[in-house]
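Below is one structure, written out as structure tokens; the observations come after it.
Each chain gets a letter, A, B and so on, in the order the sequences are listed, and its residues count up from 1.
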2 protein chains.
Amino acid sequence: MSKHALEEASDNGATDLEDLIGYNLKRAYIIVQSGFRDAQGEGGFSPRVFTALALTVKFPNITQSALARKMGIERSGLVAIVDELESKALLARARVPGDRRVQALVPTEAGQQAYDAAMASVRAHEQDVFSNMSESEKKMLLDLLRKVRKNEVS
Amino acid sequence: MSKHALEEASDNGATDLEDLIGYNLKRAYIIVQSGFRDAQGEGGFSPRVFTALALTVKFPNITQSALARKMGIERSGLVAIVDELESKALLARARVPGDRRVQALVPTEAGQQAYDAAMASVRAHEQDVFSNMSESEKKMLLDLLRKVRKNEVS
DNA sequence: GAATAATTGTTTACCCTCGTAACAAACTGC
DNA sequence: GCAGTTTGTTACGAGGGTAAACAATTATTC
């Protein structure tokens with residue numbers, strides 16, 4: 001563990017906040033999220049509502065419990081999100097024949113279109129906030145973030 | 001813009017949530033933050049309180065306004081954070097001779113020690129949550145996140 | 001087949017983080 | 001001296017999230 005005196009000067013436990021990945025992750029996330037909200041505009045989607053719609057489009061007839069699990073939030077928290085999307089007629093709660101407990105979520109035509117439009121807007125926004133990075137750098141960042149997620153314990 | 005039919009199959013606007021940097025950034029941040037709280041334990045620091053203490057240690061006699069600016073939050077939000085740290089006697093609000101408005105923040109001896117201990121814990125936690133990445137990968141991720149922050153418009 | 005356990009959606013209550021608006025006190029520029 | 005600005009502070013509300021309890025329904029176990 002002990003190192004040369006010369007190295008100690010720059011390695012003597014004087015870790016800075018700026019050297020922590022977690023700190024930089026947080027600050028970067030705040031920037032991107034803030035840009036996301038601006039890109040979505042006034043009546044636009046919040047990140048979590050957009051995520052819920054996106055997953056419902058990708059996995060039609062998904063259960064609320066399954067969607068909550070996929071989003072990493074509690075079932076109780078998802079209720080308001082689905083309420084909001086249903087009130088805008090972007091998806092519907094459908095009963096399934098076999099199990100009278102579950103609510104299968106199905107996107108409406110308007111929901112599909114709203115998702116497409118929002119996704120286009122998000123892609124344009126990402127083009128913008130990462131404009132100082134090359135395509136290979138963006139891909140590298142994406143891969144590294146996926147690797148972080150892959151290591152999740154839960 | 002138009003591409004060959006062969007390419008269109010994999011590039012026809014069917015962007016997935018998982019392909020968005022922002023989405024992966026959020027999920028990765030949630031994992032790291034959650035680990036941070038676990039690592040700090042019951043009476044430990046929240047991320048923002050830790051950040052405030054760290055910056056006070058690094059920049060003693062910093063003004064509350066300057067600290068808020070550095071943290072990217074409003075002055076009003078910092079009051080409760082400083083209150084908490086002051087109530088634990090980890091820092092003190094000191095009046096400065098020249099300007100009777102400002103409160104210069106100075107870490108106490110206990111504050112310095114608490115910071116050192118918390119930082120050690122955070123470093124151990126980062127060692128853990130990024131354990132499936134090589135040192136060079138971690139450095140790459142750090143550099144890329146810094147580049148994202150560097151492009152901030154605000 | 002009856003009893004027990006688990007799952008689903010929901011409501012309610014609560015916590016944390018943050019922003020906005022207003023304010024008094026103090027400072028600055030002119 | 002006076003308008004404008006800065007500093008710390010309070011009050012209020014929005015937003016995102018968890019935890020606990022609950023009825024309805026389904027699964028499991030004996």
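A/Ile30 places its CD1 atom 14 Å from the P atom of D/dG16, with the value rounded to the nearest Å. C/dG9 atom P lies 10 Å from atom CD1 of A/Ile62, rounded to whole Å. In this structure, CZ of B/Arg101 is placed 6 Å from C1' of D/dT7, rounded to the nearest angstrom. Look at CD on A/Glu74: it is 14 Å from P on C/dT7, rounded to the nearest Å. One atom, CG of A/Asn61, and another, P of C/dT8, lie 16 Å apart when rounded to the nearest Å. Taking atom CG on B/Leu67 and atom P on C/dC18, their separation rounds to 12 Å, with Å as the unit. When the P atom of D/dG16 is taken as reference, atom OH of B/Tyr29 falls 14 Å away, rounded to whole Å. Rounded to whole angstrom, the span from the CG atom of B/Leu91 across to the P atom of D/dG8 amounts to 13 Å.
Nearest-nucleotide positions on DNA chain D for A/Ile73 and B/Asp83 put B/Asp83 closer to the 5' end. Both B/Pro97 and A/Gln64 lie close to DNA chain C; mapped to their nearest nucleotides by heavy-atom distance, the more 5′-ward contact belongs to A/Gln64. For the pair A/Arg37 and B/Val79, both in contact range of DNA chain D, the more 5′-proximal nearest nucleotide belongs to B/Val79.
Comparing D/dT5, D/dT25, C/dC16 by their closest approach to the side chain of A/Asp99 singles out D/dT25.
Both A/Met133 and A/Val148 are assigned to one and the same hydrophobic cluster, defined by single-linkage of ILVMFWY side chains at heavy-atom distances under 4.5 Å.
B/Arg95 comes within contact range of no nucleotide atom at all, as no heavy-atom separation falls under 4.0 Å. Residue B/Gln103 is in sugar-phosphate contact alone, with no base atom involved, counting any heavy-atom pair closer than 4.0 Å across all strands shown. Across all strands, B/Arg100 comes closer than 4.0 Å only to sugar-phosphate atoms, never to a base (heavy-atom distances). Residue contacts shown for A/Ser76 include a base, since a base heavy atom lies under 4.0 Å away.
Under a 4.0 Å N-O distance rule, the pair A/Glu74/A/Arg69 does not qualify as a salt bridge.
The base of C/dT17 is not paired with the side chain of B/Arg48 by any donor and acceptor separated by under 3.5 Å. Remark: the B/Arg75 side chain and the D/dG8 base include a donor-acceptor N/O pair separated by less than 3.5 Å.
For the pair A/Thr63 (side chain) and A/Ala66 (backbone), a donor-acceptor distance under 3.5 Å is absent.
Between B/Leu25 and B/Leu145 the shortest side-chain heavy-atom distance falls below 4.5 Å.
In this structure, A/Phe36 has its ring center no closer than 6.0 Å to that of A/Phe45.
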